[in-house]
Amino acid sequence: MKMKSLFVAMITFFSAAPFAHWQPIGNAEYTWGPFHVYTIGLFSETGTYQENERPLMLSFKYEKPIEGKNFAITLIKEIETLKLNDGDTQSWLKEMQSTFPDFSPNDILNYIALPDRGYFVLNDTVLEHDFDAKFNQAFIGIWLAPNSTFVKLQPQLLGKMKSNHEAAEFYLKPEIESFDEQDSMPELPPNYLLNQEKKSFG
């Protein structure tokens with residue numbers, strides 16, 4: 001499984017998408033009642049949005065824990081409200097449910113839409129399943145279609161209205177321990193030389 005993940009990551013990183021210079025377009029908060037569930041950001045190579053433009057990236061920074069399977073169900077329900085009559089929503093549901101783990105606060109899920117396919121990246125891990133161009137259109141339409149139920153988020157998402165969040169929030173910030181001069185010359189384990197001698201003499 002690890003080898004497969006590494007292979008998928010290598011293929012992806014040498015495809016066109018990672019060489020895209022992502023420029024932020026806008027972002028918006030999705031709230032449910034009083035709860036801030038996630039912040040969604042929109043990115044393109046130009047920093048502007050044009051319908052059917054690819055590559056395009058949607059990024060989600062989670063503020064609340066969300067079960068992956070339930071998130072997939074929610075997405076399919078939103079796609080069905082668009083009445084696209086194009087694509088197999090039940091197949092997409094199964095694919096997403098088998099792809100998504102559960103999400104924790106501060107997780108960042110990216111969806112990268114290419115001209116002929118799309119895929120998800122969770123934090124620094126490329127998720128294995130690819131989706132087709134029809135799914136691209138449907139997934140992006142959840143937030144950007146004229147009949148989207150998220151139409152109120154569109155002014156901020158499209159950069160027409162200022163958001164309360166900065167684009168930098170969508171970039172991973174790995175936790176790095178502060179440098180300690182005392183640790184700059186770590187000591188060898190007490191039995192290091194003894195173990196090496198044993199190996200040398202069989």
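All values below were derived from every heavy atom in this structure, side-chain atoms included, with hydrogens, water molecules and symmetry-related copies excluded.
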What are the two closest non-hydrogen atoms of [X] and [Y], and how far apart are they?
X      : Y      : answer
Leu158 : Tyr49  : CD2-CD2, 3.6 Å
Arg54  : Gln137 : NH2-OE1, 2.9 Å
Val37  : Ile66  : CG1-CD1, 3.5 Å
Glu29  : His36  : CG-NE2, 3.6 Å
Pro55  : Glu45  : CD-OE1, 3.5 Å
Asn136 : Gly118 : OD1-CA, 3.5 Å

Do [X] and [Y] touch side chain to side chain, with heavy atoms closer than 4.5 Å?
X      : Y      : result
Tyr119 : Leu127 : no
Thr48  : Ile25  : no
Phe43  : Pro24  : yes
Met96  : Ile76  : yes
Lys94  : Trp92  : no
Glu53  : Thr46  : yes
Ser59  : Met57  : yes
Asn110 : Phe120 : no

Distance (rounded to the nearest 0.5 Å) between [X] [atom1] and [Y] [atom2]:
X      : Y      : atom1 : atom2 : result
Leu75  : Phe135 : CG    : CZ    : 7.0 Å
Leu122 : Ser104 : CG    : OG    : 9.0 Å
Ile112 : Arg117 : CD1   : CZ    : 9.5 Å
Trp22  : Ser44  : CH2   : OG    : 8.0 Å
Ile79  : Ser148 : CD1   : OG    : 11.0 Å
Leu153 : Leu42  : CG    : CG    : 12.0 Å

Q: Would you confirm whether Asn123, through its side chain, and Thr125, through its main-chain N or O, come within 3.5 Å as a donor-acceptor pair?
A: no
Q: Spell out, as yes or no, whether a donor-acceptor pair under 3.5 Å connects the side chain of Ser98 to the backbone of Glu95.
A: yes
Q. What's the verdict on side-chain hydrogen bond (donor to acceptor under 3.5 Å, both in side chains) for Glu78 and Thr149, showing C-alpha distance, side-chain angles and the deciding distance?
A. CA-CA 8 Å; Glu78 292 295 336; Thr149 59; 2.5 Å; yes
Q: State yes or no: are the ring centers of Phe71 and Phe103 separated by less than 6.0 Å?
A: yes
Q: Take Lys61 and Asn106, measure what side-chain contact (heavy atoms from CB on, under 4.5 Å) needs, and give me the verdict at the end.
A: CA-CA 6 Å; Lys61 182 183 179 187; Asn106 294 319; 3.5 Å; yes
Q: Group every Ile, Leu, Val, Met, Phe, Trp and Tyr by side-chain heavy-atom contacts under 4.5 Å, then state whether Phe150 and Ile73 land in the same group.
A: yes
Q. Just by distance, with hydrogens left out, do Asn27 and Thr39 show a side-chain donor and acceptor under 3.5 Å apart?
A. no
Q. ring-ring contact (aromatic ring centres under 6.0 Å, His included) with Phe60: which of Phe100, Tyr111, Tyr30, Trp143?
A. Trp143
Q.
Using 30° and 60° as the class boundaries, would you call the ring planes of Trp32 and Phe35 parallel, tilted or perpendicular?
A. parallel
